[in-house]
Trainee: 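Dropping the structure in here first, questions after.
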Amino acid sequence: MTSTRATGKGRPPAASREMLQDAAFELFLEQGYSGTTVEHITRRAGVSRNTFFNYFDAKGDVFWVELDDALARLAQELAAHDPVSEPLPALRDVLLALGGGYGADAVPFALTQRELIGGVHELQASAVTRFVAAARGIRSFLVERGIAADMAQAVSYAVMGATVAATQSWAAAGPTRGTLAAYLDVTVSPVLRGYAHAS
């Protein structure tokens, strides 16, 4: 992990989510998640408490910079997709395209260092909140393209479950894991094929 904090004299870099995330991860590795406070993080990063809360609502949010970016891209790609295309294949294409952007070295810290930080309920809750929001976005995408609301709801949660399974397998596969897209294809594609036959 590369620190982005200033070393030596000169003007320090502007605060960023990534700089705060680096500082937080260093501290989590040194003293655990529960032993680290927002004040510890801001002191390590050389910024104020207010600066931290300009970027994050809570300490646990530092884990999800990459996930938040991915979910924002998911929403953008779904909104931009051709409205007359078949919705389930379109959803698959969007998810696999996003997964192709995550290579072997892009696994989020929370997936690779869980043993070091310990099981954290706050962390799990913040992840669930994000996946529920993503499922709502997928549901809206499907409903807007003519899929019944109940079916769209089922598809959206099934797809998010398959995405979580793929991501966990990808993270556990080690340095030769390749891109996330291959794992998503294994878990998401059969789910969407099944719902396509059912509709």
Trainee: What pair of heavy atoms forms the shortest contact from His81 to Ala90, and how long is it?
Mentor: CE1-CB, 3.4 Å
Trainee: A side-chain contact here means heavy atoms from C-beta on lying under 4.5 Å apart; do Thr37 and Leu27 qualify?
Mentor: no
Trainee: Determine the minimum heavy-atom distance between Gly99 and Leu184, stating which atoms define it.
Mentor: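 The answer is CA-CD1, 3.8 Å.
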Trainee: Is Arg145 close to Pro83 at the side-chain level, that is, under 4.5 Å between some pair of heavy atoms?
Mentor: yes
Trainee: May I ask you to check whether Glu66 and Gln21 show a side-chain donor-acceptor distance below 3.5 Å?
Mentor: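 Checked: Glu66/Gln21 side chains pair up, N/O donor to acceptor below 3.5 Å.
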Trainee: Check the surroundings of atom CD in Glu86: do more than 12 heavy atoms from other residues, nucleotides or ligands lie under 6.0 Å from it?
Mentor: no
Trainee: For the atom pair CD (Glu30) and CD (Glu26), what is the distance rounded to the nearest 0.5 Å?
Mentor: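 One gets 6.5 Å once the value is rounded to the nearest 0.5 Å.
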Trainee: If we only count heavy atoms from C-beta on, is the Thr42 to Thr51 side-chain gap below 4.5 Å?
Mentor: no
Trainee: Would you find a donor on one side and an acceptor on the other, under 3.5 Å apart, between the side chain of Thr179 and the backbone of Gly100?
Mentor: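 Flag not set: sc Thr179 to bb Gly100 has no pair under 3.5 Å.
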Trainee: Over all heavy atoms of both residues, which pair between Ser16 and Met19 is shortest? Give the atoms and the distance, please.
Mentor: OG-N, 3.0 Å
Trainee: Among Asp61, Asp22, Asp69, Asp68, whose salt bridge (charged side-chain N to carboxylate O under 4.0 Å, His left out) with Arg17 holds?
Mentor: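 Between Arg17 and the candidates, salt bridge (charged side-chain N to carboxylate O under 4.0 Å, His left out) is satisfied uniquely by Asp69.
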Trainee: Any chance the rings of Phe25 and Phe63 have centres within less than 6.0 Å?
Mentor: yes
Trainee: About how many Å separate OG1 of Thr163 and CD of Gln168, when rounded to the nearest 0.5 Å?
Mentor: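 Gln168 atom CD to Thr163 atom OG1 measures 11.0 Å (nearest 0.5 Å).
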Trainee: So, Ser189 and Arg92: side-chain donor and acceptor under 3.5 Å apart, yes or no?
Mentor: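 Checked: Ser189/Arg92 side chains pair up, N/O donor to acceptor below 3.5 Å.
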Trainee: State, to 0.1 Å, how close Ala152 and Leu142 come at their nearest heavy-atom pair, and which atoms those are.
Mentor: CB-CB, 3.8 Å
Trainee: Give the cluster check for Val191 versus Val164: same hydrophobic cluster or not, with ILVMFWY residues linked at side-chain heavy-atom distances below 4.5 Å.
Mentor: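 In one cluster with Val191: Val164, yes.
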Trainee: With sequence neighbours excluded, what pairs up with Phe52 under the ring pair (Phe, Tyr, Trp, His ring centres under 6.0 Å) test?
Mentor: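 Here the qualifying residues are Phe56.
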Trainee: Taking side chain as C-beta onward, heavy atoms only, is Leu180 less than 4.5 Å from Leu96?
Mentor: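 Side-chain contact under 4.5 Å: no.
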Trainee: Can you measure from CG (Leu88) to CZ (Arg193) and round to the nearest 0.5 angstrom?
Mentor: 12.0 Å
Trainee: With the side chain counted from C-beta on, respond yes when Leu192 and Val188 share a heavy-atom pair under 4.5 Å apart, and no when they do not.
Mentor: yes
Trainee: Does a salt bridge link Glu39 with Arg44, judged by any charged N lying under 4.0 Å from a carboxylate O?
Mentor: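 Between Arg44 and Glu39 there is no salt bridge, as every charged N stays at least 4.0 Å from the carboxylate O atoms.
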Trainee: Could you tell me which non-hydrogen atom of Leu98 sits nearest to which non-hydrogen atom of Ala70, and how far apart they are?
Mentor: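 Minimum heavy-atom contact is CD1-O, 4.2 Å.
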Trainee: Would you kindly confirm whether Tyr157 and Val128 end up in one hydrophobic cluster when ILVMFWY residues are joined by side chain heavy atoms under 4.5 Å apart?
Mentor: yes
Trainee: Could you walk me through whether Gln153 and Val143 pass the side chain to side chain contact (heavy atoms under 4.5 Å, CB included) check?
Mentor: CA-CA 9 Å; Gln153 178 105 330; Val143 168; over 6 Å; no
Trainee: Within a radius of less than 6.0 Å around CG of Asp82, do more than 12 heavy atoms belonging to other residues, nucleotides or ligands occur?
Mentor: yes
Trainee: Is there a side-chain contact between Tyr102 and Thr167 in this structure, where contact means two heavy atoms from C-beta onward sitting under 4.5 Å apart?
Mentor: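 No, side chains not in contact.
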Trainee: Decide yes or no for Leu71 and Trp64: does some side-chain heavy atom of the first lie under 4.5 Å from some side-chain heavy atom of the second?
Mentor: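 No, too far: nothing below the 4.5 Å cut-off.
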Trainee: For the atom pair CG (Leu91) and CG (Leu74), what is the distance rounded to the nearest 0.5 Å?
Mentor: 7.5 Å
Trainee: Going only through I, L, V, M, F, W and Y residues with side-chain contacts under 4.5 Å, is there a path from Val94 to Met160?
Mentor: yes
Trainee: Counting only N and O atoms by type, is there a donor-acceptor contact under 3.5 Å from the side chain of Trp170 to the main-chain atoms of Ala165?
Mentor: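 Checking the backbone N and O of Ala165 against the side chain of Trp170, no donor-acceptor pair under 3.5 Å is found.
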Trainee: Measure from the side-chain N and O atoms of Lys59 to the backbone N and O of Tyr33, and report whether any donor-acceptor pair falls under 3.5 Å.
Mentor: yes
Trainee: Report the distance from atom OG of Ser34 to atom CZ of Phe28, rounding to the nearest 0.5 Å.
Mentor: 10.0 Å
Trainee: Is it true that Val65 and Phe53 fall in one hydrophobic cluster, defined by side-chain heavy atoms closer than 4.5 Å?
Mentor: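 Val65 and Phe53: one cluster.
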Trainee: So Tyr55 and Leu20, do their side chains get closer than 4.5 Å, heavy atoms only?
Mentor: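 Yes, their side chains come closer than 4.5 Å.
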Trainee: According to salt bridge (charged side-chain N to carboxylate O under 4.0 Å, His left out), who are the partners of Arg139, at least two apart in sequence or on a separate chain?
Mentor: none
Trainee: With distance as the sole test, does Arg43 use its side chain to make a donor-acceptor pair with the main-chain N or O of His40 at under 3.5 Å?
Mentor: no
